[in-house]
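Only one structure is covered here, and it is reproduced in the block below.
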Amino acid sequence: MNFAVVSRGDEISEAKKKQAIEHLQDHGYTYHEESPDTVIAIGGDGTVLQAFHTYKQRLEKTAFIAYNTGHLGFYSDWDTVESLLEAVVDNSLIMVEYPLVEAVMEEEGVSKTYLALNDVTIKGVKGSVQIDVHLNQYHFESFKGDGLCISSPSGSTGYNKSLGGAIVHPSLEMIQLSEMASINNRVYRTIGSSLVIPKHHELTLVPKADAYMVSVDHESFQPDTICRMKCSVAKQRIRFLRSRSFPFWNRVKEAFISLNDCEPRGTR
Ligand code: NAD
């Protein structure tokens, strides 16, 4: 098996990276940064996003493992790097697949496709932004406010959660549209709730501003012009190698409520 390790670059993550490489090489695995079968991300959720974007061209051939060395590692489910390495060598991991967001941005005849593990956002550069929202090619609403966030199920606990969106189990194939501070008055009116959009539907955003910022996970940029942005559940999925015993709702509780009194590990 070929493997690679992506580290956040701090002292602790680098030490764990060295330990992981040595341990796996001692057990006959090959370190191969160009074409790994398994990628271990050591750091925080930002490191998982970095690892995903490094290897997004070969998602069908790559599985990811997240090990947290920071405060909150939502994607991680390991207590120690030793237990993670033992599970890799024992082949006792289970593979889970999570949906991704696809955003196709049409810029004056040219279209560019982006994949997000967490979310895509569109915001104003100077103040609020106006965006026409279409569902399956029908106009749904005209939004005015700080911006819009389109999240995947596993990204629903990120920015989407801060915007009051729902937390979604990653077994559901959907994307979620959440508003950032919409202006609602006699002139501008939006639904005010997050919308859950299924796999076979398409969301199209038509921004009306001259300048806006787009983010795809941890990366932000200011496109020249976007005529429209079509968002949907991507055909590709990300594969994680996970511990058998850390159900999604336990991770949600441990991350956001308390470390105690979780459902016993081993249930799902
Ligand atoms: P960052 O350094 O600003 O950290 C953002 C925080 O979000 C970190 O605590 C991280 O652990 C957490 N996070 C990231 N993905 C998560 C997920 N799927 N579930 C739960 N928590 C998650 O930025 P970063 O580490 O580069 O991550 C980029 C992500 O940050 C974006 O994709 C977006 O979801 C999130 N974000 C959140 C807000 C907000 O909540 N107000 C604002 C901007 C970005």
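Only a predicted model underlies this, so the values are computations on that prediction, with no experimental measurement involved. First listed ligand is number 1; within each ligand, the first listed atom is number 1.
Of the listed residues (Ser7, Ser13, Ser76), just one forms a side chain to side chain donor-acceptor pair (under 3.5 Å) with Thr69, and that residue is Ser13.
For atom 33 (C) of ligand 1, the closest non-hydrogen atom on the protein side is Asp119 OD2, 3.3 Å. For atom 29 (C) of ligand 1, the nearest protein heavy atom (residue, atom name, distance) is Asn118 ND2, 3.9 Å. Closest to atom 11 (O) of ligand 1, if we only count protein heavy atoms, is Asp45 OD2, 2.7 Å. Scanning the protein heavy atoms around atom 20 (C) of ligand 1, the nearest turns out to be Thr157 O, 3.2 Å.
If you number the atoms of ligand 1 from 1 as listed, the ones under 4.0 Å from a heavy atom of Asp217 come out as 31 (C), 32 (O). Listed by number with element, the atoms of ligand 1 under 4.0 Å from a non-hydrogen atom of Ser162 are 39 (C), 40 (O), 41 (N). Interface of His218 with ligand 1, defined as ligand atoms under 4.0 Å from a residue heavy atom, comprises 26 (O). Remark: ligand 1 atoms within the under-4.0 Å shell around heavy atoms of Leu72 are 11 (O).
Within 6.0 Å of the CD1 atom in Ile12, the count of heavy atoms belonging to other residues, nucleotides or ligands does not exceed 12. In Tyr138, the OH atom is not crowded: 12 or fewer heavy atoms of neighbouring residues, nucleotides or ligands sit closer than 6.0 Å.
Using a 4.0 Å cut-off between heavy atoms, Leu49 contacts ligand 1 through its side chain alone, with no backbone atom that close.
Between the side chain of Arg242 and the main chain of Tyr75, a donor-acceptor pair closer than 3.5 Å is present. Side-chain atoms of Asp217 come within 3.5 Å of backbone N or O of Asp119 as a donor-acceptor pair. Judged purely by atom type and a 3.5 angstrom limit, Asn136 uses its side chain to pair as donor or acceptor with the backbone of Glu202.
For the pair Lys16 and Tyr67, the NZ or CZ position fails the cation-pi test of under 6.0 Å to the six-membered ring centre and within 45 degrees of the ring normal.
Between Lys18 and Glu14, none of the side-chain N atoms (NZ, or NE/NH1/NH2) sits under 4.0 Å from a carboxylate O, so this pair counts as no salt bridge.
An N or O contact shorter than 3.5 Å links Ser154 to ligand 1 by distance.
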Passes side-chain contact (heavy atoms from CB on, under 4.5 Å), Val48 versus Phe74? Steps please. CA-CA 10 Å; Val48 177; Phe74 191 77; over 6 Å; no
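Within a 4.0 Å radius of atom 5 (C) of ligand 1, the protein contributes no heavy atom. For atom 15 (N) of ligand 1, a protein heavy-atom neighbour is found at a distance under 4.0 Å. Atom 23 (O) of ligand 1 is not flagged as protein-proximal [any protein heavy atom, distance under 4.0 Å]. Protein heavy atoms come within 4.0 Å of atom 26 (O) of ligand 1.
Counting only N and O atoms by type, the side chains of Thr190 and Asn184 include a donor and acceptor under 3.5 Å apart.
If you check each of Tyr159, Tyr75, Tyr98 against atom 41 (N) of ligand 1, the one with the closest non-hydrogen atom is Tyr159.
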